Number of protein chains: 2
Amino acid sequence: MLIFIEPESEKPIYQQIRDQIVEGIARGELLPGTGLPSIRQLAADFGINLHTVNKAYELLEREGFLQVRRKTGAVVQPTGKLAEDWEARLRTLLAEALAQGLPAEEILTRCQRVLSTLTDPGRTRQ
Amino acid sequence: MLIFIEPESEKPIYQQIRDQIVEGIARGELLPGTGLPSIRQLAADFGINLHTVNKAYELLEREGFLQVRRKTGAVVQPTGKLAEDWEARLRTLLAEALAQGLPAEEILTRCQRVLSTLTDPGRTRQ
DNA sequence: TATTTGTTATAGTTATTATATAACAGATAG
DNA sequence: CTATCTGTTATATAATAACTATAACAAATA
C-alpha cells in the first residue's frame, strides 16, 4: 500500500498518514496481522521526522486500529470499536452538504458510491 | 437557534460556532436571509473575544454559507456550492467505520438516520 | 548479546488559537 | 449631515499544536 504525503497541506502530516492507513484497512489492503514499517523506516521514506510518524501510530493505536509493541512494531489489529464521536462528526459533515442544498437522497447516493469504491476491490476511485 | 460553546473542547471555539451554524442551516432553522447576531454581540454572549467569532463568520463566508456586510452584519445565504474536498472528507470518515468492521449497510443506515434527524422537523436527535 | 523496535527526554521553530485594545471605514437610521 | 452600529484592520501577547533535531533508554528477539 502506497502512502503519499503533502508537506504543504493544511492537514497535518501525522493526520495524512493516519487517514491513509485507515483507508488501507477499510479497503482490505491492510489486513489484521499486517505489519507496518517501523517509524524510522517510514520517516526516512518520507524525509520527515520519526516523531511525526510516531504520532500517527500513537493516534491509530488510541483509536483502536493498531497494536504497537517494541521490536515487533505496529501491527494492524482493529478492535471493532468505533470512536464515540464518529456519529457527531458524520452529522457535521452531512449537515454541511444539506446546508448547501444537496438533497438527502443525493447525499445518500454519494455515501453509497464512496462506500462502494472502498469495498469493491478493483474499483477505481471516482 | 441556540449555540453552545465548550471552551475546554479540543475542537477550536470558532469551529464549534461554525459547525453549529451549518447545522442550523441544514435543519432549516436558519433560512436564507436570516440575520445572525453581530460578532460583538455573540462574543459578549459567550464571554469570548470578538475575533474568535469573526473567524467563524469569515470561515462561513469563505465556505459560501453567509454573506457578510458592514452595518447589515452576517446574513445566511448559501451559494449551493459544496466544498471541493467534501467527498474526500466523507471518504475518510466512512473508511474509519469500515476499518472498524462496521458493515457498509449498517453505515448507510446510520447516514440515513442522521440525515433524517437533520431534515425531519421536530424529530429529536438520537 | 547485539540489533532493531518503540519510548522518553530536551530543545528549538513555526503556525494556530485565543485574547486584549485600539483605531479605521462603510452603511444606515435619525 | 451625523451619530451609531457594523465588520475590518492592526498590534501585541500567551498558550498550544505541529514539526524538527538529537540523544538516550528499554524491551523484545534473532
Side-chain angles (χ1 to χ4, degrees), chain A residues 3-22 30 33-77 79 85 89 92, chain B residues 3-22 30 33-77 79 85 89 92:
Chain A
I3 293 180
F4 293 99
I5 296 299
E6 293 181 64
E8 298 311 312
S9 167
E10 60 185 280
K11 187 193 283 188
I13 298 176
Y14 79 92
Q15 190 75 48
Q16 296 181 41
I17 297 173
R18 178 269 184 198
D19 288 350
Q20 292 183 51
I21 290 179
V22 168
L30 295 175
T34 307
L36 297 182
S38 76
I39 59 178
R40 285 174 180 84
Q41 183 61 57
L42 256 198
D45 291 350
F46 298 148
I48 62 179
N49 193 271
L50 93 175
H51 287 109
T52 306
V53 179
N54 191 47
K55 194 169 178 180
Y57 280 16
E58 235 180 1
L59 175 56
L60 285 162
E61 189 178 30
R62 264 187 288 124
E63 292 184 311
F65 292 111
L66 303 182
Q67 279 190 7
V68 182
R69 268 194 271 263
R70 286 169 211 247
K71 194 64 182 179
T72 317
V75 176
V76 175
Q77 204 60 256
T79 59
D85 65 340
R89 281 183 279 135
T92 298
Chain B
I3 294 181
F4 292 99
I5 297 300
E6 293 181 65
E8 298 310 312
S9 167
E10 60 185 278
K11 185 193 285 190
I13 297 176
Y14 79 93
Q15 190 74 49
Q16 296 181 40
I17 298 174
R18 178 270 183 197
D19 288 351
Q20 292 183 51
I21 290 178
V22 168
L30 295 176
T34 307
L36 297 182
S38 75
I39 59 177
R40 284 174 179 85
Q41 183 60 56
L42 256 198
D45 291 351
F46 298 148
I48 62 178
N49 194 272
L50 93 175
H51 286 110
T52 307
V53 179
N54 191 48
K55 194 169 179 180
Y57 280 15
E58 234 179 2
L59 174 56
L60 285 162
E61 189 178 31
R62 262 186 289 124
E63 292 184 312
F65 292 111
L66 302 182
Q67 280 190 5
V68 181
R69 271 194 270 263
R70 287 170 208 246
K71 194 66 181 180
T72 317
V75 176
V76 175
Q77 204 61 255
T79 59
D85 65 340
R89 283 182 278 135
T92 299

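Predicted model, so just to flag it, every value in this text is computed and none were measured. Reminder, nothing fancy here: chain letters follow the sequence lines and each chain counts from 1. Note that these values count all heavy atoms, side chains included, but never hydrogens, waters or copies made by symmetry.
Rounded to whole angstrom, the span from the CD atom of B/Gln15 across to the C1' atom of D/dA17 amounts to 15 Å. One atom, CD1 of A/Ile13, and another, P of C/dT16, lie 13 Å apart when rounded to the nearest Å. Rounded to an integer number of Å, the gap from CD of A/Glu10 to P of D/dA17 is 19 Å. A/Arg18 places its CZ atom 15 Å from the P atom of D/dC19, with the value rounded to the nearest Å. Whole-Å rounding puts the A/Glu8 CD to D/dA18 C1' distance at 13 Å. If you measure from atom CG of A/Leu42 to atom P of C/dT5, you get 11 Å, rounded to the nearest angstrom. Rounded to a whole Å, the CD1 atom of B/Ile39 is 17 Å from the P atom of C/dA25. Residue B/Glu58 contributes atom CD, which lies 11 Å from atom C1' of D/dT9 at whole-angstrom precision.
Taken to the nearest 0.5 Å, the CZ atom of A/Arg89 stands 13.0 Å off from the CZ atom of B/Arg89. A/Gln77 CD to A/Thr34 OG1: the interatomic distance, rounded to the nearest 0.5 Å, is 9.5 Å.
Judged by closest nucleotide on DNA chain D, B/Gly73 is the one of A/Lys11 and B/Gly73 placed further toward the 5' end.
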side-chain contact (heavy atoms from CB on, under 4.5 Å) evaluation trace for A/Val22 with B/Thr92: CA-CA 8 Å; A/Val22 168; B/Thr92 299; over 6 Å; no

Could you walk me through whether A/Tyr57 and A/Leu36 pass the side-chain contact (heavy atoms from CB on, under 4.5 Å) check? CA-CA 10 Å; A/Tyr57 280 16; A/Leu36 297 182; 3.4 Å; yes

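Taking side-chain N and O atoms only, B/Tyr14 has a distance below 4.0 Å to OP1 or OP2 of C/dT17. Using a 4.0 Å cut-off, some side-chain N or O of A/Lys55 falls inside it from OP1 or OP2 of D/dA18. In this model, the phosphate group of D/dC19 is not approached by any side-chain N or O of A/Thr52 to a distance below 4.0 Å at OP1 or OP2.
For the helix from C/dT1-D/dA30 to C/dG30-D/dC1, the angle separating the two terminal helix axes comes to 30°, with each axis derived from five pairs and the value rounded to 10°.
Side-chain contact between A/Ile21 and A/Phe65 is absent, with no heavy atoms from C-beta onward closer than 4.5 Å. A 4.5 Å side-chain heavy-atom check between B/Ile17 and B/Ile48 finds at least one atom pair inside the cut-off.
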Protein-proximity profile, nucleotides 21-30 of chain D, B/S/- by nucleotide at the 4.0 Å heavy-atom cutoff, equals BB-B-BSBS-

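Considering every non-hydrogen atom in both A/Leu60 and A/Arg18, the closest pair reads CD2-CG, 3.7 Å. What you find for B/Asp19 and B/Lys11 is that their closest heavy atoms are OD2-NZ, 2.8 Å.
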For residues 38-47 of chain A, dump all side-chain donor-acceptor pairs below 3.5 Å to protein atoms at least two apart in sequence or in another chain.
{"from": "A/Ser38", "atom 1": "OG", "to": "A/Gln41", "atom 2": "N", "distance (Å)": "3.0"}
{"from": "A/Gln41", "atom 1": "NE2", "to": "A/Asp45", "atom 2": "OD1", "distance (Å)": "3.0"}

